[in-house]
*Asks:* 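If you scroll down you'll find the structure; I have some questions about it.
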Amino acid sequence: MPKVSQKGISMPESPIRKLVPYAEAAKKRGINVIHLNIGQPDIKTPQVALDAVKNHNLEVVEYSRTEGSEEYRTKLAAYYAKYNIHVDANDIIVTTGGSEALSFTIGSITDFGDEIIIPEPFYANYNGFSTAAGVNVVPIISKIDDNFALPSIEEFEKLITKKTKAILICNPGNPTGYLYTPEEIAKLAAIVKKHEIFLIADEVYREFTYDNRSHYSILQEPGLEENAIVVDSVSKRYSMCGARIGCMVSKNKELIKTAIKFAQARLSPPTFAQIASEAALETPQSYFDEVKEEYVGRRNLLIRELEKIEGVTIGRPQGAFYCIAQLPIEDSDHFAQWLLNDFSINGETVMVAPAAGFYASEGYGKNQVRIAYVLEKESLKRAVGILKEALKSYKG
Ligand SMILES: Cc1ncc(COP(=O)(O)O)c(C=O)c1O
């Protein structure tokens, strides 16, 4: 019998997708499942992007350049300039989603057994990309009581070893919704420079910041040119998750040269999706204004309704479209499964993402769930109502 690899066996299951069979079974029983578990926005993709794919004049769907088309990268550089991020086309590699940017980044800076420090809870797939690369995630706990702010720099210092290659942050955070301040970024900049390691920032939710706060990119931080690597994506920005286009951005020439070799191995990013992504850069500001207003409305409603439930503690998201809720339960994996198997109100139930999968430290997040507010307000309100009743009935 041929055997799969140890690495394959240790690949983590997605905490978001592992409950899917239970949701499917609930649907087969005629239950309407309200999905609070995934980050697939229901927002319409900008018309300019859809039109560009409809009206293309390609006769052969060729490979594009390994690093992505020159035109697209040049326009991307202009997009970044609007955010006071000064890069040029050669500092950008277009990738198949932010996911591939993460895997190229980790591949380019680590060897087997190296370490990356990540504040937890974090986007669960960081575990998967690290495992695939033979890299150990070294978690550093950020707390719901501090709204998931940056842990103290002394705590980071304690974790840095000869094997540490990078600190990885997600800003704004999935699953926390936390938005790092320029002061926090400056502290991280100082520590990565001191130890000559990289600072990777996953900034795929850059546009989604609320309460008049603006995003501060690590690429805006002076003196961080050699250390900073940004992971980016069109998936959430333009509600184009299925396009599979992202990029990695860095002023570090050696890093880009190395990452391009990984990119060459997969030949090129998708051609049609680059056409759509290039056109998406023409999306009018009014689109973002409306989307932001919608998310703020949803967030406010979600927080307001969750706060009414006894025993629930919530982080207050300042960006992205997720929040972590701490529930009066002991095992959110069991609770999430129970919601799908055994609970419904008027033929409806909710699906949440158990938060333990967003932590690397054993035992953390077991009483927490991640809620994505990617549904319109009416469904969100019903979903929180169901959660409230479910918590009353649940016996653990
Ligand atoms: C924080 C974060 N980074 C990266 C990704 C990957 O996105 P994609 O590969 O669709 O660009 C996601 C997707 O949900 C995400 O939430």
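This is a predicted model, so every value here is computed, not measured. Computed over heavy atoms, backbone and side chain alike; hydrogens, waters and symmetry mates excluded. Counting starts at 1 for both ligands and their atoms, in listed order.
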*Asks:* Got a sec, which residues hit ring pair (Phe, Tyr, Trp, His ring centres under 6.0 Å) with Tyr178, two or more places apart in sequence or on another chain?
*Replies:*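 In terms of ring pair (Phe, Tyr, Trp, His ring centres under 6.0 Å), with neighbours along the sequence ignored, Tyr178 is linked to Tyr180.
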
*Asks:* Taking only heavy atoms of Ser235, which atoms of ligand 1 are found under 4.0 Å from at least one of them?
*Replies:*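 This gives 8 (P), 10 (O), 11 (O) as the contact atoms.
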
*Asks:* To check your reading of the model: name the closest protein heavy atom to atom 7 (O) of ligand 1, its residue, and the distance in Å.
*Replies:*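 In this structure, atom 7 (O) of ligand 1 has Ser99 OG, 4.1 Å as its nearest protein heavy atom.
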
*Asks:* Salt bridge check, Glu305 against Lys388: does any charged N sit closer than 4.0 Å to a carboxylate O?
*Replies:*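 No, this pair does not count.
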
*Asks:* With sequence neighbours left out, what residues match His86 under ring pair (Phe, Tyr, Trp, His ring centres under 6.0 Å)?
*Replies:*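 His86 satisfies ring pair (Phe, Tyr, Trp, His ring centres under 6.0 Å) with no other residue.
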
*Asks:* Determine whether the side chain, the backbone, both or neither of Cys170 has a heavy atom under 4.0 Å from any heavy atom of ligand 1.
*Replies:* side chain

*Asks:* In terms of side-chain geometry, is the basic nitrogen of Glu154 or Lys158 positioned less than 4.0 Å from the acidic oxygen of its partner?
*Replies:* no

*Asks:* Heavy atoms only, cut-off 4.0 Å: how does Arg244 contact ligand 1, side chain, backbone, both, or neither?
*Replies:*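 Arg244 to ligand 1: side-chain contact only, backbone stays beyond 4.0 Å.
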
*Asks:* Run the numbers for me: atoms of ligand 1, each under 4.0 Å from some heavy atom of Val204, listed by number.
*Replies:*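 Those qualifying, in numeric order: 2 (C), 3 (N).
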
*Asks:* Salt-bridge test for Lys392 and Glu389: reply yes if a basic N is under 4.0 Å from a carboxylate O, no otherwise.
*Replies:*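 Looking at Glu389 together with Lys392, the answer is yes, because their closest N to O distance falls below 4.0 Å.
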
*Asks:* If hydrogens are left out, which of Asn171, Asp232, Ile245, Asp202 has an atom nearest to atom 4 (C) of ligand 1, that is, the closest non-hydrogen atom?
*Replies:* Asp202

*Asks:* I'd like to check which ligand 1 atoms, numbered from 1 as shown, lie under 4.0 Å from a non-hydrogen atom of Gly97.
*Replies:* 9 (O), 11 (O)

*Asks:* Can you tell which of Tyr205, Phe148, Phe122 makes a ring pair (Phe, Tyr, Trp, His ring centres under 6.0 Å) with Tyr322?
*Replies:* Tyr205

*Asks:* In the protein, which heavy atom is nearest to atom 14 (O) of ligand 1, and how far is it?
*Replies:*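 That would be Lys236 NZ, 2.8 Å.
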
*Asks:* Going by the order shown, which atoms of ligand 1 are within less than 4.0 Å of some heavy atom of Ser233?
*Replies:* 8 (P), 11 (O)

*Asks:* Spell out, as yes or no, whether a donor-acceptor pair under 3.5 Å connects the side chain of Asp88 to the backbone of Asn90.
*Replies:*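 At least one qualifying donor-acceptor pair exists.
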
*Asks:* Just going by heavy-atom distances, which of Tyr123, Tyr322, Tyr126, Phe129 is nearest to atom 13 (C) of ligand 1?
*Replies:*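 Residue with the shortest heavy-atom distance to the ligand atom: Tyr123.
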
